[in-house]
Amino acid sequence: MANAGDDRRPKYQRIADTLREAIRSGEYGPGDRLPGENDLMAAHGVARMTARQALSVLRDEGVAEARKGAGVFVREFRPLRRRGIQRLAQQQWGNGRSIWSTDIEDRSLDVDQVTVSEEAAPDNVAAVLDLAEEETVCVRRRRFVLDGKPVLLATSYLPAPLVAGSAITQEDTGPGGMYARLAELGYKPVHFREEVRSRMPSKDEAAQLDMSAGTPVILVCRTAFTAEGRPVEINEMTLDAASYILEYAFDA
């Protein structure tokens with residue numbers, strides 16, 4: 001945080017820093033109402049627009065949320081710690097557990113939207129999956145909701161002939177999910193590659209994830225490979241950046 005005496009900092013930013021520090025110190029806890037625009041105007045001797053900008057900074061960072069007609073409150077949602085390596089271990093899905101079980105602990109996770117279809121493969125997907133010309137893909141689109149908050153949009157692409165007639169083409173893929181079903185089909189994933197980047201969300205993404213204005217999304221593209229090196233699934237994930245901590249723990 002910038003030095004409190006640094007007058008080059010815009011006033012709204014200094015007010016936001018003060019409020020953020022008060023949240024970190026516990027002066028304002030999860031669910032507490034923050035000082036409103038009138039309070040900030042009086043306390044800091046600033047115009048309404050400056051006070052409004054200060055509160056907007058905290059909302060854009062995901063620290064606070066506005067409630068219509070009630071004010072701005074410290075956000076109650078706890079970020080989800082996504083354990084990028086442990087969650088994909090075979091002992092997870094190989095024993096019929098969801099790969100999410102290592103992330104959510106005792107929290108409530110729901111998939112409230114699922115669609116499964118057979119479609120022409122996008123060019124980038126066809127190239128990675130090494131599909132024959134005109135070969136289609138099974139496309140699984142899901143939205144994941146944690147503690148009532150949408151946090152992730154996921155779209156998986158799998159070669160349609162490979163998964164035809166299996167539970168992967170159904171909404172409920174059964175214990176262990178897609179990877180357990182791929183193993184039963186003789187295409188057990190043994191290696192994964194994830195590519196991570198970030199950008200601002202599209203209008204549709206922001207609406208589906210119920211995101212605060214100014215919050216970016218994290219894009220994770222995972223490819224699953226068999227022991228022979230064959231790619232069998234591409235999963236394109238869009239994460240609400242304010243809802244996640246990405247953790248990667250591994251030995252040297």
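In what follows, every heavy atom counts, from backbone to side chain, and hydrogens, waters and symmetry copies are set aside. Small disclaimer: the values here were computed from a predicted structure and weren't measured.
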In this structure, which one of [options] forms a side-chain contact (heavy atoms from CB on, under 4.5 Å) with [X]?
{"X": "Arg142", "options": "Leu153, Val114, Asp112", "answer": "Val114"}
{"X": "Val137", "options": "Leu158, Leu129, Val163, Leu162", "answer": "Leu129"}
{"X": "Ile218", "options": "Thr238, Leu239, Asp240", "answer": "Leu239"}

Quiz prompt | Full working for salt bridge (charged side-chain N to carboxylate O under 4.0 Å, His left out) between Glu205 and Arg199 | solution = CA-CA 11 Å; Glu205 290 167 340; Arg199 61 165 168 75; 2.9 Å; yes
Non-hydrogen side-chain atoms of [X] and [Y] separated by less than 4.5 Å:
{"X": "Tyr28", "Y": "Arg20", "value": "no"}
{"X": "Leu34", "Y": "Phe73", "value": "no"}
{"X": "Tyr157", "Y": "Pro122", "value": "yes"}
{"X": "Gln208", "Y": "Pro150", "value": "no"}
{"X": "Pro159", "Y": "Glu135", "value": "yes"}
{"X": "Tyr244", "Y": "Val217", "value": "no"}
{"X": "Leu219", "Y": "Ser198", "value": "no"}
{"X": "Ser243", "Y": "Leu146", "value": "no"}

Over all heavy atoms of both residues, which pair between [X] and [Y] is shortest? Give the atoms and the distance, please.
{"X": "Cys138", "Y": "Val116", "answer": "SG-CG1, 3.9 Å"}
{"X": "Ala51", "Y": "Val46", "answer": "N-CG2, 4.2 Å"}
{"X": "Pro201", "Y": "Met211", "answer": "CG-CE, 4.1 Å"}
{"X": "Ser156", "Y": "Met178", "answer": "OG-CE, 3.4 Å"}
{"X": "Leu58", "Y": "Ile23", "answer": "CD1-CD1, 4.5 Å"}
{"X": "Leu55", "Y": "Gly36", "answer": "CD1-C, 4.4 Å"}

Are [X] and [Y] linked, directly or through other ILVMFWY residues, by side chains that come within less than 4.5 angstrom of each other?
{"X": "Met49", "Y": "Leu19", "answer": "no"}
{"X": "Ile234", "Y": "Leu182", "answer": "no"}
{"X": "Val72", "Y": "Ile15", "answer": "yes"}
{"X": "Val125", "Y": "Val128", "answer": "yes"}
{"X": "Phe144", "Y": "Leu246", "answer": "yes"}

Side chains of [Y] and [X]: any donor to acceptor distance under 3.5 Å?
{"X": "Glu228", "Y": "Thr226", "answer": "yes"}
{"X": "Thr215", "Y": "Arg59", "answer": "no"}
{"X": "Tyr179", "Y": "Glu233", "answer": "yes"}
{"X": "Glu236", "Y": "Thr155", "answer": "no"}

Practice problem: With sequence neighbours left out, write down each residue that passes side chain to side chain donor-acceptor pair (under 3.5 Å) with Thr223, or none if nothing qualifies. | Solution: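 If we apply the side chain to side chain donor-acceptor pair (under 3.5 Å) test to Thr223, skipping adjacent residues, there are no hits.
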Practice problem: Carefully, step by step, assess Arg230 and Asp130 under the rule salt bridge (charged side-chain N to carboxylate O under 4.0 Å, His left out). | Solution: CA-CA 9 Å; Arg230 176 177 180 175; Asp130 194 23; over 6 Å; no
Exercise. Test Ser166 against Leu185 for side-chain contact (heavy atoms from CB on, under 4.5 Å), laying out the working first.
Key: CA-CA 8 Å; Ser166 74; Leu185 291 169; 4.0 Å; yes
Self-check item: Any donor-acceptor N/O pair, Arg33 side chain to Ala70 backbone, under 3.5 Å
Solution: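 Checking the backbone N and O of Ala70 against the side chain of Arg33, a donor-acceptor pair under 3.5 Å is found.
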Self-check item: Test log, rule side-chain contact (heavy atoms from CB on, under 4.5 Å), inputs Arg140 and Ile168
Solution: CA-CA 8 Å; Arg140 298 181 54 84; Ile168 291 173; 4.1 Å; yes
Exercise. Count the heavy atoms belonging to other residues, nucleotides or ligands that lie under 6.0 Å from CZ of Arg197, then report whether that count exceeds 12.
Key: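 Counting neighbours around CZ of Arg197, 12 or fewer heavy atoms of other residues, nucleotides or ligands fall under 6.0 Å, so no.
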Quiz item: More than 12 heavy atoms of other residues, nucleotides or ligands under 6.0 Å from CG of Asp123: is that the case?
Solution: no
Exercise. Output every pair passing salt bridge (Lys or Arg N to Asp or Glu O under 4.0 Å) with a member in residues 41-53, not counting sequence neighbours, ordered by first then second residue.
Key: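 Applying salt bridge (Lys or Arg N to Asp or Glu O under 4.0 Å) to every pair that reaches into residues 41-53, excluding sequence neighbours, yields Glu37-Arg48, Glu37-Arg52.
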Quiz item: Would Gln113 and Arg141 count as a side-chain contact (heavy atoms from CB on, under 4.5 Å) if you check the C-alpha gap in whole Å, the side-chain angles of each, and the deciding distance to 0.1 Å?
Solution: CA-CA 8 Å; Gln113 297 176 10; Arg141 295 182 175 90; over 6 Å; no
Practice problem: Apply salt bridge (charged side-chain N to carboxylate O under 4.0 Å, His left out) to Glu171 and list each qualifying residue two or more places apart in sequence or on a separate chain. | Solution: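 Partners of Glu171 under the salt bridge (charged side-chain N to carboxylate O under 4.0 Å, His left out) test: none.
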Quiz prompt | For Arg181, salt bridge (charged side-chain N to carboxylate O under 4.0 Å, His left out) partners two or more places apart | solution =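 Once residues adjacent in sequence are excluded, the partners of Arg181 under the salt bridge (charged side-chain N to carboxylate O under 4.0 Å, His left out) criterion are Glu184.
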So, taking the atom named [atom1] in [X] and the one named [atom2] in [Y], what distance separates them when rounded to the nearest 0.5 Å?
{"X": "Glu119", "Y": "Thr136", "atom1": "CD", "atom2": "OG1", "answer": "9.5 Å"}
{"X": "Glu27", "Y": "Asp32", "atom1": "CD", "atom2": "CG", "answer": "9.5 Å"}
{"X": "Arg67", "Y": "Glu65", "atom1": "CZ", "atom2": "CD", "answer": "5.0 Å"}
{"X": "Thr50", "Y": "Gln13", "atom1": "OG1", "atom2": "CD", "answer": "12.0 Å"}

Exercise. Among residues two or more places apart or on two chains, list those pairs meeting ring-ring contact (aromatic ring centres under 6.0 Å, His included) that have a residue in residues 32-57.
Key: none
Quiz item: Residues in ring-ring contact (aromatic ring centres under 6.0 Å, His included) with Phe225, at least two apart?
Solution: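 ring-ring contact (aromatic ring centres under 6.0 Å, His included) list for Phe225, sorted by chain: His191.
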Exercise. Go through Asp17 and Arg14 one step at a time and tell me if the salt bridge (charged side-chain N to carboxylate O under 4.0 Å, His left out) criterion holds.
Key: CA-CA 5 Å; Asp17 290 344; Arg14 287 185 302 216; over 6 Å; no
